[in-house]
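Chain A is the first sequence line, chain B the second, and so forth, proteins listed ahead of strands; every chain is numbered from 1.
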Amino acid sequence: MTWTTEEIAGLVEPDRAHRKAYTDPDIFDMEMERIFERTWIYVGHESQVKKRGDYYLAQVGRQPVIMIRGQDNQVNVLYNRCPHRGAQICSARKGNTGKHFYCSYHAWTFHLDGKLEGMPAKREYEGTNLDFDDPEFHMARPAQVDNYRGFWFVNLSKGGHDLKTHLGEAAAAFDQLIDRAPGKETEIVGDCFRMVQQSNWKIFLENQLDASHPGVTHESTGKAAQKLEAKIRQEGEEPPMELSFLSDFARLGHDGWTKFGTVGYRNGHSSLEGYMGLRPDDPDTNEYVRRMHEAYGEKKAEEILGTNIHHMLVYPCNSVQPPLQQLRTIRPLAHDKTLTEIWHFRLKNAPEKIYRRSLAYYYMVNSPSTLINADDLFNWWKCQHGLDSSASEWVSFHRKAGQDEERDGVSYSAPESMSELPLRHMMHAWREYMTATVGEKL
Amino acid sequence: MTEACELLAASDVNAVADVSIETQLTVERFLYRQAELLDEKLIEDWMALFSDDGWYWMPAEADQVEGDGQPNIFWEDQGLMLMRNARNTHPRAHSQAPHNRLCHVVSNVIIESENADGDIIVRSRFQCAEYLRYEVRNFSGKYRHLLKKTRAGYKIALQRVDLVNREGPYDYVLQWWL
Ligand code: FES
Ligand SMILES: [Fe+2]
């Protein structure tokens, strides 16, 4: 069906959202057009393309793009499409293309900035409208390409906020990924893990800051981790700290989870405050803190380490956990299919043990064999199918509705609660994006 | 774990050891039993195939030479195996309701080397169907085993599993070992 602006606006109420927002394929197409192809979407980190000619593919909305490091050593983003007859230029997900792009269909070649370089039997184009200087015959560049401290984004439409304004308070997630490094640099480790969720992209985002689910969803894994901890203690040793990342799920209980507030920022971003005792008093952490003090001076170091973010959702496309050095990108494929790519970062000059600790979390919570996400994925799949039912038209966001606090355009969850603030906040932003007057398109 | 990981990473596809028929049969039987125990979910018996300091490893990259300190698909010692089994068999392991079923076929068993102590490096291939949530999906890949000869028979020092589709994307988590 086609949706009018009024009908779309009617899908979101202050404390509930209509199931069609999650299940309707036409709504999905409109989301791609009005959100994913009209605001800033994450492409990748500069350390994925270290050498000239290195490239990495990504999907922005419905558009395939290439992140490329050019001959001038600058990172750029281009559409992955040949201006001749439309073939995709790069087909491997990553690689090095050398000094130019080469199309495998009729051998047109392009400079790394996308300009047309040549083709076989070039003279046959003499006397035609093909013009080497006309961008029509170049690999196209998205309307806006920019980066925030080495994290690259594109906006496929002109107009709107610049990247920095769009990120606003959410930029802290990227700052933290870098600034927590005593060496003041961060770097991707290995390739990403890719998982297809059989559910709507919003169901994933709504899960990420939901403090009321881990104790329930992850109870079995929490209990299993406690069992292993007990066995290790029985053998006279202290269990490694990373096991507590899992056993906490069974240990924290309702009162434990209400300690962590949530915050909703401008443009749809939101965060969950710090938890998990990520600054314990152990020799490795103390060594890390010492290196931070040495690198930044005590005051600045404490400011960085004191930033109270466990998890930041950068609307609509990233879920970032800076204290564990991981970043996830959301690439919606269909109304009931979502690709996520999760990346792990290494903080330059942090002690090896600190890196290993976050790597253990990455393994246990986000690898393709994770026991944690196994149960999350299953819930999301069940939600997607449940919402196909017309038993009720609404999804409830009532927990602490109307009781959050708002100051200067930022909303804060009601204290000592597992408020569903982020859910209300994101759907409110969704309505704003979906009903905004159409900006200037490319 | 460095030494065992390096040994299996350096495995030479052109190396074929001239072992006795008896050794060949014993190793094959061991590999078949490994798969059977997984398929039948006799997990404690399966874990007992590993030496106390043995590891199960599914690397994320083809050219990976070390499991420790790297992103992996699986990287588990006896402790993590115990945790996975405890979780998967917990009554509130929601995504294990209904339980999956696995069906392995192991073949192409080529013993690469047998040292003076009787320790073996062996390559083989597997196909595995997983029935999950009323649908079948298929995995296939290459096994590399480092087997230590003990009085109680062979023990797995390291089982390296390279999936043909290791980069994914995965349409669901691998909750059980393959
Ligand atoms: S489609 Fe690319 S050269 Fe023809
Ligand atoms: Fe979860």
Contact origin within A/L246 toward chain B - heavy atom pairs under 4.5 Å: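 The side chain, not the backbone.
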Residue A/L228 versus chain B: region with a heavy atom under 4.5 Å: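 A/L228 touches chain B through backbone and side-chain heavy atoms alike.
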Distance alone, cut at 3.5 Å: any donor-acceptor contact between the side chains of [X] and [Y]?
{"X": "A/Q321", "Y": "A/Y361", "answer": "yes"}
{"X": "B/E28", "Y": "B/Q24", "answer": "yes"}
{"X": "B/S124", "Y": "B/N108", "answer": "no"}
{"X": "B/E76", "Y": "B/W177", "answer": "yes"}

Around B/E135, counting heavy atoms of other residues, nucleotides and ligands shown, do more than 12 lie under 6.0 Å from its CD?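 Atom CD in B/E135 is not crowded, with 12 or fewer foreign heavy atoms closer than 6.0 Å.
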Specify whether [X] and [Y] have parallel, tilted or perpendicular ring planes, treating 30° as the upper limit for parallel and 60° as the lower limit for perpendicular.
{"X": "B/Y172", "Y": "A/F378", "result": "perpendicular"}
{"X": "A/H218", "Y": "A/F249", "result": "tilted"}
{"X": "A/W201", "Y": "A/F36", "result": "perpendicular"}

Heavy-atom distances under 4.5 Å only: say whether [X] touches chain A with side chain, backbone, both or neither.
{"X": "B/N88", "result": "side chain"}
{"X": "B/R133", "result": "side chain"}
{"X": "B/Q175", "result": "both"}
{"X": "B/I73", "result": "both"}
{"X": "B/Q64", "result": "neither"}

Which residue out of [options] racks up the most heavy-atom pairs below 4.5 Å with chain B?
{"options": "A/S367, A/A224, A/G190", "value": "A/A224"}
{"options": "A/Y363, A/Y362, A/Y355, A/F193", "value": "A/Y363"}
{"options": "A/V196, A/D375, A/L359, A/D191", "value": "A/D375"}
{"options": "A/G222, A/A374, A/C192", "value": "A/A374"}

Taking atom CD of A/E185 and atom CD of A/E46, what is their separation to the nearest 0.5 Å?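 One finds 8.5 Å between CD of A/E185 and CD of A/E46.
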In Å and rounded to the nearest 0.5 Å, what is the OG to OH distance from A/S369 to B/Y56?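 These two atoms lie 9.0 Å from each other.
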B/F139 and its side-chain contact (heavy atoms from CB on, under 4.5 Å) partner, picked from B/V164, B/V161, B/L174: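 For B/F139, the side-chain contact (heavy atoms from CB on, under 4.5 Å) check succeeds only for B/L174.
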Looking at chain A, which one of B/G69, B/P91, B/A93 has the largest number of heavy-atom pairs inside 4.5 Å, strictly under?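 Of the options given, most contacts go to B/G69.
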Against chain A, work out which of B/A86, B/P71, B/S95 has the most heavy-atom pairs shorter than 4.5 Å and name it.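 Most pairs with chain A among the choices: B/S95.
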Excluding sequence neighbours, so at least two apart, what forms salt bridge (Lys or Arg N to Asp or Glu O under 4.0 Å) with A/E206?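 By the salt bridge (Lys or Arg N to Asp or Glu O under 4.0 Å) rule, A/E206 matches no residue at all.
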Which residues in residues 140-152 of chain B have any heavy atom lying under 4.5 Å from a heavy atom of chain A?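 Contacts with chain A: none.
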